[in-house]
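Per chain, numbering begins at 1; letters A, B, ... match sequence-line order. Every heavy atom of this structure was used, including side-chain atoms; hydrogens, water molecules and symmetry mates were not.
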Amino acid sequence: VGVQVGGEQARLPADLLPELREAFAREVASRLPSLRTAADGRPGPTATRDAHTLASSAAVVGEPELSRAARELEELLLEGAQDPAPAARRLVELLEPWVAS
Amino acid sequence: VTATPVSPEPVAVVVVDDSPVQRRFLRAAIEAEHDLAVVGEARNGKEAVALVARLRPAAVLMDLDLPVMSGMEAIERIMAASPTPILVYSAFVGGEDSANALEALAAGAVDVLAKPGPEDATDLDATAAALRRRLRVAARVRVITHPRGKLRSHGLPTQAVAQVATSGPAPHRPCVPVAVVEPPLVPFDPRESVRLLAIGASTGGPQALLTVLSALPKDLPQAVLVVQHMAEGFIPGLAAWLDQLVPMPVVVGESGRRLQPGTVTIAPSGGNLLVQDDRLRVLCVPPDPGQFHVPGIDATFRSVADALGPDAVGVLLTGMGRDGAAGLLAMRERGAVTLGQDEATSAVYGMPAAAAALQAVDRQLPISQVGPALLELVGAS
């Protein structure tokens, strides 16, 4: 990986972001099934962590809207909110394009 | 490509995160400069404990929310078995998680950095630079085998350990570092005119503050003001955490309010807290241009020197850099008694060393002796 140390601050390699977005697509694929279940009103044991992880990963790959939707679901699940399914459905809608190929 | 001069061994880092996206980013961020290298990656707390024991890295970058074994448990186990400086890098959701960050510090982590979330305009280069800077500091921190981790390794169940750590104001906390043997000290002449104890701390500060504040009684006639360098948003968690553990109530300072006797006030993040007059009214002002640490200790100490002169005591605890040293000197020049944490018990002997070099310190003490010395000074021992 071409890394340059120039000027005040080293910059990340230019090909990093595309690579991170590919990794993010794989992460979405592995976490989506549990979130689909949550969208159907049956959040499983890993739904909170799945939402938590995706909120942070989405921020790294430059997807703030997705990140917000994931954080919102995480917070609802943590609070034990009565009906987190609509928030889960919204998140799943934003995630689906990442696995459609 | 030019020939590079022979450089020293890079700082070896183990990265712990369950997300492949984060691990990939962290590796690139850390290795963007050649003085740091990722020597191992763990996907959960259990892998982290094993990897750290095997590789003995100079620092660990640790997420908290992990499968199989939580980051908190991994920190405790690492600090018990193979003490290593740990920088927590985690997303914190709401106030409760700011308390988690403090719990991580109490369990032996040396620093906490927030993962960018949806509200942050993510500048990956800036995030990466901050990570490297904090890792370099963390790697230089002296760590000790952590008593709380030891408790667990001796077979106490999790709940018992957690209770020991968070139940009422006992004089000896399980997370207080073991004291070293100290020579007897010449007693201070008590000064009953003292109205304020001003304390500054940075890296390693939360544990040092816990030790000092645990020694001060609930009915202390003086007010206590604490300035702890800390990332935006964690100050309320620090206050809540200390409030649970020390005899005095602990609150976050607010502009326009007066510091109260028998109460610990923590300077809020985002600016400098100044003591305006001898009625102990405080004012929060924006940081100086170019000021690196916010809240700043120098600014607060200088204001205390102006407002109270000899009727205050200044204390500078563990931390990287030199913030607080010049302010402590100003206090001493106005007649205040000043204390500095000694090298042996400082996680980073930076600020107290800078203060000692400026002749700003009346007495340098091991952390376990700072609280008793304060009591002696105000005539309460």
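- In this structure, chain B has heavy atoms under 4.5 Å from both the backbone and the side chain of L20(A).
- Within the 4.5 angstrom heavy-atom criterion, atoms from both the backbone and the side chain of S57(A) approach chain B.
- R322(B) meets the side-chain hydrogen bond (donor to acceptor under 3.5 Å, both in side chains) test with no other residue; sequence neighbours excluded.
- Q228(B) is linked by a side-chain hydrogen bond (donor to acceptor under 3.5 Å, both in side chains) to nothing, counting only residues two or more places apart in sequence or in another chain.
- For R23(B) (side chain) and R43(B) (main-chain N/O), no donor-acceptor pair under 3.5 Å exists by modelled atom type.
- The shortest non-hydrogen separation linking L12(A) to A29(B) is CD2-CA, 3.7 Å.
- For E27(A) (side chain) and L54(A) (main-chain N/O), no donor-acceptor pair under 3.5 Å exists by modelled atom type.
- Among E63(A), E22(A), R31(A), the residue making the largest number of heavy-atom pairs under 4.5 Å with chain B is R31(A).
- For D18(B), the parts sitting under 4.5 Å from any heavy atom of chain A are the backbone and the side chain alike.
- Counting heavy-atom pairs closer than 4.5 Å to chain B, the top residue among R68(A), R26(A), R49(A) is R49(A).
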